[in-house]
**Q** 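Right, I'll just put the structure down here and ask away after.
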Amino acid sequence: MKVTPALVLVAVFLSQEWKSALSDSIIHIGAIFDESARRDDEVFRLAVADLNLNNEILETEKITISVEFVDGNNPFQAVQEACELMNRGILALVSSIGCMSAGSLQTLADAMHIPHLFIQRSPAGTPRSTCPLTSRLPGADDYTLMVRPPVYLNEVILQVVSEYSWQKFILFYDSDFDIRGIEDFLDRTSQQGMDVSLQKVESNINMMITSLFRTMRVEELHRYRDTLRRAVLFMSPATAKAFITEVVETNLVAFDCHWILINEEISDYDLQELVMKSIGRLTVVRQTFPMPQNTTQRCVKHNHRINTSLCDPKNAKAQQLEITNRYIYDTVLLLANTFHRKLEDRKWHSMASLNCIRKNSKPWQGGKSMLDTVKKFGVSGLTSFLEFTDNGTNPNIFFEILGTNYGEDRGRGVNRLATWDPLHGLNGTLTDRKLENNMRGVVLRVVTVLEEPFVMVSENVLGKPKKYQGYSIDVLDALSNYLGFKYEIYVTSDHKYGSLQPDGQWNGLIGELVSKRADVGLSALTITPERESVVDFTTRYMDYSVGVLLRKAERTVDMFACLAPFDLSLWACIAGTVLLIGILVYLLNWLNPPRLPMGSMSSTTLYNSMWFVYGSFVQQGGEVPYTTLATRMMMGVWWMFALIVISSYTANLAAFLTITRIENSIQSLQDLSKQTELPYGTVLDSAVYDQVRSKAMNPFERDPMYSQMWRMINRTGDGNVDESKEGVRKVKYGHFGFVWDTAVLEYIANNDEDCSFYTVSSNAPDRGYGIAMQHGSPYRDIFSQRILELQQNGDMDILKLKWWPKDSPCDLYSSVQMRQNGNALDIHSFAGVFCVLAAGVVISCLIAIVESWWSRRKGSRVPSKEMQADGPSARQAADPCPHIPSDHPLTLGSQSQNQTPNSANTTVPTATHYQPPACCDIPCALIMQHSYEPTNPSEITPKMRMTTFTTSPPTPRTIRRSTWSTYTAGLTACAPRTKAPTSSSPPLPPI
């Protein structure tokens with residue numbers, strides 16, 4: 001109860017004081033600021049205080065102010081506060097808010113005729129976007145003046161990336177940036193053929209980077225790292241510093257990256273922190289205000305002296321001034337000069353005490369005059385010079401482009417590279433002024449490591465410098481011919497690429513560059529984050545991936561490859577089928593015996609049936625005639641079966657003999673990691689060794705395949721080697737797999753004399769080969785540019801084909817040694833066939849010996865010559881086959897028995913045909929063939945041969961075409977069965 005009267009007294013006192021001040025002053029300015037812009041209010045009050053102390057401008061008049069804070073995203077609140085200020089009687093309204101509320105204030109100012117000086121403020125310090133202000137009716141006056149110049153960021157960044165000749169880059173923007181502000185820039189880059197990617201930077205940058213490692217595969221992450229080499233940042237300084245710090249700590253960028261940060265609101269303090277946190281090259285585009293170097297000239301502007309805390313660049317408060325703070329101070333100064341001129345012209349109008357809530361409220365009568373006076377004159381202040389054009393915009397804006405040149409240390413050497421303004425455009429050059437394309441007269445000292453086929457010794461003459469050749473040497477020569485430099489090359493003493501030692505020093509090739517003993521490092525040198533932390537790399541000139549070198553499996557000699565088309569069970573079934581069909585054929589003939597022709601020596605025994613079935617199966621025919629329907633049906637089906645089996649065998653045999661089907665179990669790195677029988681390893685402390693270890697141990701890049709490989713490599717102490725040549729020897733002469741660079745392994749496999757190697761590699765390249773230079777080398781970018789030109793022109797592919805030809809004599813990807821000619825078969829493929837033939841010959845010889853022995857043993861039981869001389873009765877008694885001799889005469893074809901062979905009427909030779917008795921099973925007979933000459937048919941030369949009996953004698957045509965043959969019996973067993981020749985018969989030749 002005691003506090004309430006006190007508060008009432010204080011409120012009444014303040015009200016009386018405000019009314020007293022208001023009655024004493026005729027200049028009243030209203031201000032609306034964003035509630036987060038407390039610095040704007042501080043500078044606004046400081047400017048009013050400075051002007052109230054200056055009697056030269058307002059003389060005895062003083063400026064009174066009314067300030068209100070609003071939510072920048074609440075237009076209704078902004079209009080409500082503005083109406084309250086107009087009700088208090090303001091001559092002008094100053095606002096420092098965002099575009100959302102500015103449109104509402106513009107409409108209100110146009111309706112009330114109150115000059116509105118709008119200072120655009122971007123949220124959280126992000127780059128500005130053009131405010132889409134409310135369109136007005138034609139001819140209507142615009143009482144809103146844009147204190148800050150229009151947004152020219154699109155024009156500036158387009159000219160900067162064009163100056164750098166960027167064709168592909170990524171554009172990052174923070175969550176508070178209005179992406180509609182760069183639509184024009186994206187349209188122009190698309191028209192010029194630039195490849196621009198967009199990515200939004202979330203407020204939680206750490207979570208954003210972590211999600212990238214979780215969601216992206218290893219190959220995608222490598223491509224993303226390459227994309228980050230060229231980037232444009234549209235973000236606030238605070239967000240840019242946090243983002244750069246995060247990507248540097250996670251090794252997403254390297255020293256060859258180049259980033260451009262563009263924002264009008266970048267102070268000197270922010271610039272220093274950005275350069276210290278970033279790596280590589282950083283270019284900063286910010287708004288600048290041309291000022292005299294003299295401090296006195298900076299602080300004294302015409303008839304007004306600016307507060308020293310704001311104009312002195314050495315003052316800490318002046319260094320922290322934002323751009324909106326500068327424009328607020330100059331706005332108050334411009335209004336004070338306007339009021340001064342209005343007082344001198346005695347065209348002063350009373351304060352506008354307006355009520356914008358009423359429906360029929362009238363605008364301020366003096367608003368138009370006040371607006372014209374503000375547009376007519378300008379003022380010099382903290383923003384150089386503030387003035388307005390007829391359309392109410394400020395035309396004066398300048399940008400400066402800051403950055404580091406090549407060859408400067410990290411975090412130092414920030415220089416002004418160029419400036420930009422709407423009238424003159426870019427003033428200056430963004431290229432490195434320390435180095436041009438001409439390097440004539442420059443001699444570079446190159447350090448290398450011998451590695452086929454990148455660097456090899458081509459000539460080593462005693463007393464003369466060594467000459468080198470290889471793919472990397474060809475690339476260096478191409479750069480030397482284009483840029484004009486010369487080089488001296490030497491090999492590292494320890495023959496290592498370089499790794500970080502426990503004492504913090506680098507050895508090998510990298511150590512030579514770190515210690516400044518060499519200018520360039522060249523070999524099969526891969527670009528790794530660890531190496532990039534101490535040296536600079538050019539852009540990659542060849543892709544790199546991890547592979548393994550394996551020895552091809554020897555082709556096993558299978559002597560019985562001819563049996564490979566069919567399985568053993570199938571062969572057994574076929575053999576059983578032959579036996580079964582032979583037995584069935586015999587049984588069918590036994591049940592229904594066929595009628596054999598007269599004189600046929602064939603029989604239907606089981607032996608002959610089996611032989612006939614086998615002969616028809618191998619397509620060699622047979623001798624046993626089968627005339628019954630059942631047997632013919634059986635044989636028809638059997639022949640069809642034999643045709644299908646033989647055709648299938650022939651087709652599969654050709655495939656098995658011409659195509660090698662031996663496969664190796666290791667066909668990929670996944671197969672290598674899953675098996676444990678074949679030991680493998682790599683070179684200790686090499687890039688491959690570090691890569692396998694990092695991918696196995698890094699929680700962000702942990703790969704199960706590399707984890708298993710890492711356990712296998714470190715399982716045995718002798719798994720790794722000191723040099724790559726040692727690993728190749730272990731593969732060639734032992735049981736070992738060598739994990740190394742795929743390019744090196746492919747060259748080794750291509751040039752092996754025995755073609756005994758094959759390679760297995762990953763599908764996608766992990767990183768690349770680059771040329772290493774000293775950290776901060778001025779030659780890095782010019783080398784990279786020339787390498788890109790060689791790649792675009794196709795020259796790099798030509799150099800690559802020289803060392804990795806496409807028509808290689810060795811198959812790099814086949815795990816088995818193949819023949820030179822795939823169509824030719826060697827002796828090994830048919831060794832089994834020859835073995836079967838040899839076995840058959842040996843068995844036949846053994847059977848022949850047995851048969852000969854058996855025949856001799858049986859022949860000892862035949863009657864002697866004395867028994868044969870006893871007459872026909874004795875022979876007939878010994879004949880087991882009784883017959884009638886007259887049934888089988890010895891005929892002489894068509895020749896009569898009373899003719900002699902020497903008759904003159906005989907012009908056609910004839911033949912005698914012996915018909916053995918049907919009951920005699922004689923397989924063969926001795927035939928006497930007599931050939932004669934037509935001029936002397938009596939001269940007959942006998943020729944003996946063995947043949948089977950035929951069923952019919954030769955025809956006369958056959959006799960005329962051949963010779964005159966006489967068939968007679970020479971066997972004693974059948975001789976008595978023939979009819980003795982008569983005296984008129986031609987004499988038979990003696991046997």
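Basis for what follows: all heavy atoms, side chains included, without hydrogens, waters or symmetry-related copies.
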**Q** Output side-chain donor-acceptor pairs under 3.5 Å for residues 193-203, partner residues at least two apart or in another chain, one line each.
**A**
| residue | atom | partner | partner atom | Å |
| --- | --- | --- | --- | --- |
| Q199 | OE1 | Y224 | OH | 2.9 |
| Q199 | NE2 | Y224 | OH | 3.4 |

**Q** Got a second to check how far E273's CD is from K241's NZ, nearest 0.5 Å?
**A** 4.0 Å

**Q** As an exercise, state the distance from CG of D34 to CD1 of I119, rounded to the nearest 0.5 Å.
**A** 13.0 Å

**Q** Could R286 and E400 be called an ion pair, given the rule that one side-chain N must be under 4.0 Å from one carboxylate O?
**A** yes

**Q** Are E68 and R88 within salt-bridge range, i.e. N to O under 4.0 Å?
**A**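 Salt bridge: yes.
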
**Q** Taking the six-membered ring for Trp, are F44 and F33 ring centroids under 6.0 Å apart?
**A**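 Centroid distance F44-F33: below 6.0 Å, so yes.
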
**Q** Can you sort out the partners of D390 under side chain to side chain contact (heavy atoms under 4.5 Å, CB included), two or more places apart, ordered by chain and number?
**A**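 D390 satisfies side chain to side chain contact (heavy atoms under 4.5 Å, CB included) with no other residue.
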
**Q** Whether the side chain of D270 engages the backbone of A238 through a donor-acceptor N/O pair (distance < 3.5 Å, no angle test) should be reported.
**A** no

**Q** Could you tell me whether the side chain of N263 and the main chain of F234 form a donor-acceptor pair under 3.5 Å?
**A** no

**Q** With D421, which residues qualify under side chain to side chain contact (heavy atoms under 4.5 Å, CB included), at least two apart?
**A** F398, L423, H424

**Q** How long is the span from the CD atom in Q80 to the CG atom in L85, to the nearest 0.5 Å?
**A** 11.0 Å

**Q** Is the ring pair Y164/H258 parallel, tilted or perpendicular, if the boundaries are 30 and 60 degrees?
**A**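 Geometry flag for H258 against Y164: perpendicular rings.
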
**Q** When you compare the side chain of L321 with that of V43, does any pair of heavy atoms fall below 4.5 Å?
**A** yes

**Q** Hey, are K317 and E42 close enough for a salt bridge, meaning a charged N less than 4.0 Å from a carboxylate O?
**A** yes

**Q** Checking side chain to side chain contact (heavy atoms under 4.5 Å, CB included) for the pair M235/L261: CA distance, chi angles, key distance, verdict?
**A** CA-CA 8 Å; M235 55 184 64; L261 174 62; 4.2 Å; yes

**Q** Does the separation of the ring centres of F243 and F172 fall below 6.0 angstrom?
**A** yes

**Q** Hey, could you give me the CD1/CG distance between I27 and L335, rounded to the nearest 0.5 Å?
**A**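 Those atoms lie 10.0 Å apart.
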
**Q** When you measure from the side chain of Q77 to the backbone of D71, do you find a donor-acceptor pair of N or O atoms at a distance under 3.5 Å?
**A**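 Yes: the side chain of Q77 pairs with the backbone of D71.
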
**Q** Could you walk me through whether S104 and T107 pass the side chain to side chain donor-acceptor pair (under 3.5 Å) test, one step at a time?
**A** CA-CA 5 Å; S104 301; T107 304; over 6 Å; no

**Q** With rounding to the nearest 0.5 Å, note down the distance linking CD1 in I306 to CZ in R326.
**A**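 One gets 9.5 Å once the value is rounded to the nearest 0.5 Å.
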
**Q** For the pair H28 (side chain) and G89 (backbone), establish whether a donor and an acceptor sit closer than 3.5 Å, ignoring hydrogens and angles.
**A**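 Pair found, side chain donor or acceptor close to backbone of G89.
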
**Q** Are K376 and D372 close enough for a salt bridge, meaning some N to O gap below 4.0 Å?
**A**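 D372 and K376: not salt-bridged.
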
**Q** What pairs of residues pass the ring pair (Phe, Tyr, Trp, His ring centres under 6.0 Å) test when at least one of them lies in residues 182-210, not counting sequence neighbours?
**A** none

**Q** Does the cation-pi check pass for R38 over F69, that is, NZ or CZ under 6.0 Å from the six-membered ring centre and within 45° of its axis?
**A** yes

**Q** Could you check if a side-chain atom of R45 sits within less than 4.5 angstrom of a side-chain atom of I65, using non-hydrogen atoms only?
**A**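 Result yes, sub-4.5 Å side-chain heavy-atom pair found.
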
**Q** Distance-only, no hydrogens or angles: does the N54 side chain make a donor-acceptor pair with backbone N or O of D50 under 3.5 Å?
**A** no

**Q** Take D40 and N325, measure what side chain to side chain donor-acceptor pair (under 3.5 Å) needs, and give me the verdict at the end.
**A** CA-CA 5 Å; D40 290 347; N325 303 153; 2.4 Å; yes

**Q** For A82, check side chain to side chain contact (heavy atoms under 4.5 Å, CB included) against everything at least two apart and list the hits.
**A**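 Checked A82 against side chain to side chain contact (heavy atoms under 4.5 Å, CB included); matches are I32, L93, L105, L108.
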
**Q** Is the shortest heavy-atom distance from the side chain of I29 to the side chain of I63 under 4.5 Å?
**A**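 Result yes, sub-4.5 Å side-chain heavy-atom pair found.
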
**Q** Should L158 and N154 be marked as a side chain to side chain contact (heavy atoms under 4.5 Å, CB included) after you check the CA-CA gap, both sets of side-chain angles, and the distance that decides it?
**A** CA-CA 6 Å; L158 181 62; N154 289 337; over 6 Å; no

**Q** Counting C-beta onward and ignoring hydrogens, is there a side-chain heavy-atom pair between D142 and N391 closer than 4.5 Å?
**A**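 No, side chains not in contact.
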
**Q** Sub-3.5 Å donor-acceptor pair from the side chain of S278 to the main-chain atoms of L274, do we have one?
**A** yes

**Q** A side-chain contact here means heavy atoms from C-beta on lying under 4.5 Å apart; do F177 and T239 qualify?
**A**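 Sidechains of T239 and F177: no contact.
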
**Q** With a 4.5 Å cut-off on side-chain heavy atoms, are C131 and F118 touching?
**A** yes

**Q** Are any non-hydrogen side-chain atoms of P150 and T130 less than 4.5 angstrom apart?
**A**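 Side-chain contact under 4.5 Å: no.
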
**Q** Could you point out which residue of R39, R148, Q120, R121 forms a side-chain hydrogen bond (donor to acceptor under 3.5 Å, both in side chains) with T324?
**A** R121

**Q** Check for a donor-acceptor pair, side chain of S211 on one end and backbone N or O of M208 on the other, with a separation under 3.5 Å.
**A** yes

**Q** Closer than 3.5 angstrom, by distance alone: can the side chain of S122 be matched with the main-chain N or O of T126 as a donor-acceptor pair?
**A**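 Yes.
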
**Q** Is there a side-chain contact between Y329 and L334, using heavy atoms and a 4.5 Å cut-off?
**A** no

**Q** Within the side chain of S129, is there an N or O that forms a donor-acceptor pair under 3.5 Å with the backbone of I179?
**A**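 The answer is no, because no donor-acceptor pair under 3.5 Å joins these two groups.
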
**Q** Using modelled atom types and a 3.5 Å cut-off, is there a donor and acceptor pairing between side-chain atoms of N87 and backbone atoms of C83?
**A**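 Absent.
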
**Q** Hey, could you give me the CD/OG distance between Q272 and S267, rounded to the nearest 0.5 Å?
**A** 8.5 Å

**Q** Show me the side-chain donor-acceptor pairs of residues 377-388 shorter than 3.5 Å, one per line, residues at least two apart or across chains.
**A**
| residue | atom | partner | partner atom | Å |
| --- | --- | --- | --- | --- |
| T383 | OG1 | D330 | OD2 | 2.4 |
| E387 | OE2 | N396 | ND2 | 3.3 |

**Q** For side chain to side chain contact (heavy atoms under 4.5 Å, CB included), just list the numbers for W364 and M86, CA-CA rounded to whole Å, side-chain angles, deciding distance to a tenth of an Å, and then say yes or no.
**A** CA-CA 10 Å; W364 182 36; M86 292 178 184; over 6 Å; no

**Q** Evaluate side chain to side chain contact (heavy atoms under 4.5 Å, CB included) for L426 paired with I401, printing each intermediate quantity in order.
**A** CA-CA 9 Å; L426 188 66; I401 303 171; 3.5 Å; yes

**Q** So which atom in R416 and which in L402 form the shortest heavy-atom distance, rounded to 0.1 Å?
**A**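 That would be CA-CD2, 3.4 Å.
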
